[in-house]
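Order of listing sets the numbers, starting from 1, for every ligand and every atom in it. Small disclaimer: the values here were computed from a predicted structure and weren't measured. The analysis underlying the following values was restricted to heavy atoms, covering all of them including side chains, and did not include hydrogens, waters or symmetry mates.
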Amino acid sequence: MSADLRRATAAQLRAGYCSGEFTPVEAVDALLVAIQREDTALGAWLHLRGDEVRREAAAAEVTYAAARASGAAALDALPPLLGVPVALKDLVNMIGTPTTAGSKILEGYVSPYDATIAAKLKAAGALILGKTNMDEFAMGSSTEFSAYKRTVNPWDRERVPGGSSGGSASAVAALHAPLSIGSDTGGSIRQPASLTGITGMKPTYGRVSRYGIVAFASSLDQIGPFARSAQDVALLLHAIAGSDPRDATSSVTPVDAALLKLPQGDQAASALKGKRFALPKEYFVAGMEPGVEAAVRAAVAALQSAGAVIDEVSLPTTEHALATYYIVAPAEASANLARYDGIRYGASKHGGGDLLDGYLATRGRGFGPEVRRRIMLGTYALSAGFYDAYYLKAQKVRTLIARDFDRIWAAGYDAIVAPASPSVAWKFGAKMSDPVAMYLADACTIPTNMAGLPGLSTPCGLSEGLPVGLQLIGAPWSEAGLLSIAAGYEALSANASWRDQDPTDLAALGGAA
Ligand code: GLN
């Protein structure tokens with residue numbers, strides 16, 4: 001029973017709670033036992049809510065029991081995520097819990113308020129299990145830049161889970177939670193989803209409120225869901241999406257009710273017939289691993305066999321996206337991170353010297369090496385003599401990138417199909433001494449952020465025994481359409497041997513604790 005509860009999707013948990021087959025307390029206990037036994041080895045969690053979440057699970061069970069007594073209509077009226085456990089990346093403020101964003105500069109900071117998405121999840125009845133590890137301030141592609149600990153990939157303990165949302169991705173892949181929240185500024189949801197073999201979505205810019213989320217690069221940051229099925233991603237996205245008066249960048253576009261009724265199985269597979277997909281040749285970048293390319297091309301061939309039309313297209317500005325990102329993102333980060341001065345939040349080294357000494361000591365010791373690199377890059381790009389040459393130019397290139405995508409939607413394509421990452425998970429340390437090699441890990445995901453579009457990664461097989469992700473990119477607000485395509489691909493590949501395979505090192509995690 002408890003092994004099954006670890007494996008259950010959010011949709012299956014809800015069905016079991018409604019029928020009375022099992023309870024939210026049993027589900028939470030099964031997960032907490034697994035976390036306690038395995039997280040010493042996995043390293044996905046920075047903070048756990050233990051007893052509090054058990055109490056909330058008991059309250060959810062009382063609500064289910066009352067609804068069961070009243071009948072089917074009462075059960076249907078309960079919120080879709082009632083009693084379903086969720087993990088939050090440690091940049092989401094939740095009242096009374098520590099929020100570190102993976103940085104020593106926020107050590108000891110306890111959130112005095114809820115981020116809008118934390119409040120929405122609570123209102124939806126979700127049970128927040130705790131906070132997950134991440135690269136410091138979401139800067140990185142491997143979670144190795146966390147100031148706190150290493151998160152391993154449950155497919156191979158010697159390899160990274162991707163990043164920056166590596167803790168949220170590993171927690172879901174290792175069956176520590178059915179759902180988790182990540183953030184994606186340049187790929188930090190889709191890339192770790194790809195490397196850990198789960199589904200993760202970056203919604204359209206403005207789809208999800210960022211009020212109460214620690215900011216990295218404000219014109220790019222989006223919050224989004226991780227899960228082990230497209231249907232679960234849709235349920236979690238529905239719960240967190242929507243306009244928010246506290247975030248002026250959140251959109252008033254109505255949240256798509258289709259997210260709650262994603263087609264499944266044969267229905268989802270047959271809906272692929274006649275769909276038109278664009279396959280951009282620039283996404284098969286130099287240096288892409290042949291095994292990754294083969295798995296992605298096989299998935300595209302499967303979509304074609306199911307009746308979809310695939311056209312090779314060109315998105316010529318793709319090659320400029322990475323360079324443009326590394327102007328825009330550090331520039332915005334340098335401004336956003338100015339607030340960590342040792343006076344308002346977390347760690348402070350203000351002592352006997354003057355104010356400037358206090359700033360220098362706090363920021364010099366509180367920020368790690370990658371964050372300092374970004375602040376220097378960003379401050380340089382924004383400085384008076386260089387603003388036009390770098391930041392302004394980057395914004396112009398960004399417009400060209402968006403136009404490339406616009407041409408695809410104007411031509412009537414339903415989605416772009418592409419790899420999510422040029423490689424499978426790599427060994428710890430392999431890219432730590434070469435920042436540019438680390439930056440290249442996001443070559444396939446960054447263009448989407450530059451254009452504000454939705455994108456997801458869904459598992460499409462293994463290369464050398466490690467997961468590969470198929471990326472789907474869509475027009476603004478097409479999240480439900482993209483997830484329906486992912487559900488169709490899940491149905492097509494339901495009998496593939498890799499679908500049933502547990503992460504290779506999952507069993508070993510328990511033994512190592
Ligand atoms: N890896 C990219 C970076 O380091 C993207 C990170 C993200 O999406 N948060 O900036």
Side-chain angles (χ1 to χ4, degrees), residues 88-92 101-103 132-147 151 160-169 180-195 200-203 205 208 210 213-226 285 321-337 367-378 381 394 420-423 425-426 430-432 434-457 469 471 473:
L88 301 180
K89 184 174 181 176
D90 200 23
L91 47 52
V92 181
S103 181
T132 58
N133 198 24
M134 57 183 283
D135 284 302
E136 185 174 3
F137 286 105
M139 297 172 189
S141 304
S142 66
T143 313
E144 288 164 291
F145 287 121
S146 166
T151 300
V160 302
S164 64
S165 316
S168 283
S180 65
I181 293 288
S183 68
D184 191 313
T185 303
S188 282
I189 294 176
R190 289 160 290 158
Q191 186 260 14
S194 176
L195 270 48
M201 171 170 250
K202 173 217 171 289
Y205 184 77
V208 179
R210 295 170 307 166
I213 310 296
V214 178
F216 165 11
S218 303
S219 75
L220 301 161
D221 296 344
Q222 245 315 276
I223 287 293
F226 286 106
V285 289
L322 196 67
T324 313
Y325 174 88
Y326 278 98
I327 298 294
V328 173
E332 294 181 10
S334 72
N336 274 326
L337 270 53
F367 288 137
E370 184 59 25
V371 174
R372 290 206 294 267
R373 179 162 31 236
R374 304 283 178 110
I375 291 172
M376 284 192 285
L377 280 172
S421 158
S423 74
W426 58 88
K431 299 184 200 276
M432 283 301 268
D434 182 353
V436 175
M438 187 77 90
Y439 297 170
L440 280 167
D442 298 305
C444 300
T445 47
I446 276 176
T448 321
N449 299 74
M450 299 308 278
L453 300 174
L456 64 78
S457 175
Q471 186 176 198
I473 301 167

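If you look at Tyr326 next to ligand 1, the close heavy atoms, those under 4.0 Å, all belong to the side chain. Contacts of Asp442 with ligand 1, taken as heavy-atom pairs under 4.0 Å, involve the side chain alone. Contacts between Ala138 and ligand 1, counted as non-hydrogen atom pairs separated by less than 4.0 Å, involve both the backbone and the side chain. When non-hydrogen atoms are compared, ligand 1 lies under 4.0 Å from the side chain of Arg374 (C-beta onward) but not from its backbone. When non-hydrogen atoms are compared, ligand 1 lies under 4.0 Å from neither the backbone nor the side chain of Tyr439.
Residue-to-ligand polar distances keep Met139 apart from ligand 1: every N/O pair is separated by 3.5 Å or more. Below 3.5 Å of separation, one finds an N or O of Gly186 facing an N or O of ligand 1.
The side-chain heavy atoms of Met134 and Leu91, taken from C-beta on, include a pair separated by under 4.5 Å.
Counting the atoms of ligand 1 from 1 in the order shown, those under 4.0 Å from a heavy atom of Ser164 are 9 (N). Remark: ligand 1 atoms within the under-4.0 Å shell around heavy atoms of Phe216 are 9 (N), 10 (O). Atoms of ligand 1 found under 4.0 Å from any heavy atom of Ser141 (numbered from 1 in listed order, with element): 1 (N).
With rounding to the nearest 0.5 Å, the separation of CD in Glu332 from CZ in Phe216 is 9.0 Å. The CE atom of Met139 sits 5.0 Å away from atom CG of Leu337, with the distance rounded to the nearest 0.5 Å. The distance from atom OG1 of Thr185 to atom CD1 of Ile223, rounded to the nearest 0.5 Å, is 8.5 Å.
Between the side chains of Ser103 and Glu136, at least one donor N or O lies within less than 3.5 Å of an accepting N or O. Lys89 and Ser168 share no donor-acceptor pair across their side chains, judged by distance under 3.5 Å alone.
For the side-chain hydrogen bond (donor to acceptor under 3.5 Å, both in side chains) with Arg190, the qualifying choice from Asn449, Thr445, Asp442 is Asn449, the only one to do so.
Between Tyr326 and Tyr439, the angle of the ring planes stays under 30°, which puts this pair in the parallel group of the 30/60° scheme.
At the shortest separation from atom 10 (O) of ligand 1 among protein heavy atoms lies Tyr325 OH, 2.6 Å.
Nearest to atom 6 (C) of ligand 1 by heavy atom, out of Ser188, Gly182, Ser165, Gly187, is Ser188.
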